[in-house]
Amino acid sequence: MSTAMTKQERESFLADLHVGIISVAEDGRGPLTVPIWCSYEPGGEVRVVTGGTSRKAQLLRTARRFSLCAQTETPPYKYVSVEGPIVAIEQANLERDRRPLAHRYFGVRAGDQYIERTRAETVENVLVRMRPERWLTVDYGKVWRSS
């Protein structure tokens, strides 16, 4: 039996709440691979926000593509890895981009507190949008046998 997810399963999984792991190519080294908050709606783009002057942002501007992996931490394990081209890097908007991510990961109250506490240091944040091209998925729940 295959452990691969269907298109609907993979898109639904990626749209669920996971801390993503982003990987961006870097000349002369292995890729930069770090955790990141992300959002996705089935059929849409992967969206991440990062510091506009960060090493990550600089590499994203150069590479013009990235990979992102989301996974479960408990059995039966599942993961979705997606890779594709960057379709836009633009100034992040507080209400459109940052606050919804903060609410997604912290909830409304704690998310709003996070936004207020980090407002000054995030004014140069950028929104990076990627169009998924290649998917790699595994859902061990399809073959899981609990004892």
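All residue numbers refer to positions in the sequence shown, counting from 1.
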**Study point:** Verdict with supporting geometry, Trp37 and Phe106, ring-ring contact (aromatic ring centres under 6.0 Å, His included)
**Key:** CA-CA 11 Å; Trp37 289 355; Phe106 286 135; 5.3 Å; yes
Nearest 0.5 Å, please: how far is [atom2] in [Y] from [atom1] in [X]?
X	Y	atom1	atom2	result
Ser54	Leu32	OG	CG	8.5 Å
Ser39	Glu45	OG	CD	10.0 Å
Tyr140	Thr72	OH	OG1	10.5 Å

Does [X] share a hydrophobic cluster with [Y], counting links as ILVMFWY side-chain heavy atoms below 4.5 Å and allowing steps through other members?
X	Y	answer
Leu17	Phe13	no
Val128	Ile21	no
Tyr105	Ile22	no
Val49	Leu60	no
Leu127	Leu68	no

Exercise for review: Search all heavy atoms of Thr118 against all heavy atoms of Tyr114 and return the closest pair with its distance.
Suggested key: OG1-O, 2.8 Å
Point to revise | Closest non-hydrogen atom pair, Gly52 against Val126 | key: CA-CG1, 3.9 Å
Exercise for review: Apply side chain to side chain donor-acceptor pair (under 3.5 Å) to Arg98 and Thr122, showing your working.
Suggested key: CA-CA 9 Å; Arg98 290 195 60 244; Thr122 57; 3.0 Å; yes
Would one find more than 12 heavy atoms of other residues, nucleotides or ligands at under 6.0 Å from atom [atom1] of [X]?
X	atom1	answer
Glu90	CD	yes
Arg29	CZ	no
Gln91	CD	yes
Glu95	CD	yes

Review point. With distance as the sole criterion, is a donor-acceptor pair present between the side chains of Ser23 and Thr33 under 3.5 Å?
Key: yes
Review point. Taking 4.0 angstrom as the limit, do Lys7 and Glu9 come out as a salt bridge?
Key: no
Are the side chains of [Y] and [X] in contact, using a 4.5 Å heavy-atom criterion?
X	Y	answer
Ile89	Arg64	yes
Asn125	Thr50	no
Phe66	Val46	yes

Study note, to complete from the structure: Exactly one candidate in Glu11, His18, Arg47 meets side-chain hydrogen bond (donor to acceptor under 3.5 Å, both in side chains) with Tyr40; the answer is Glu11
Study note, to complete from the structure: The side chain to side chain donor-acceptor pair (under 3.5 Å) partners of Asn93 (sequence neighbours excluded) come to none
Check your understanding: Who are the side chain to side chain donor-acceptor pair (under 3.5 Å) partners of Glu26, not counting sequence neighbours?
Key -> Arg55
Exercise for review: Would you check, one step at a time, whether the test side-chain contact (heavy atoms from CB on, under 4.5 Å) holds for Lys56 with Ile36?
Suggested key: CA-CA 11 Å; Lys56 187 182 334 156; Ile36 194 164; 3.9 Å; yes
Expected list for residues 77-88: side-chain donor-acceptor pairs under 3.5 angstrom, two or more places apart:
unit_1: Glu83; atom_1: OE1; unit_2: Arg134; atom_2: NH1; d: 2.7
unit_1: Glu83; atom_1: OE2; unit_2: Arg65; atom_2: NE; d: 2.4
unit_1: Glu83; atom_1: OE2; unit_2: Arg65; atom_2: NH2; d: 2.7

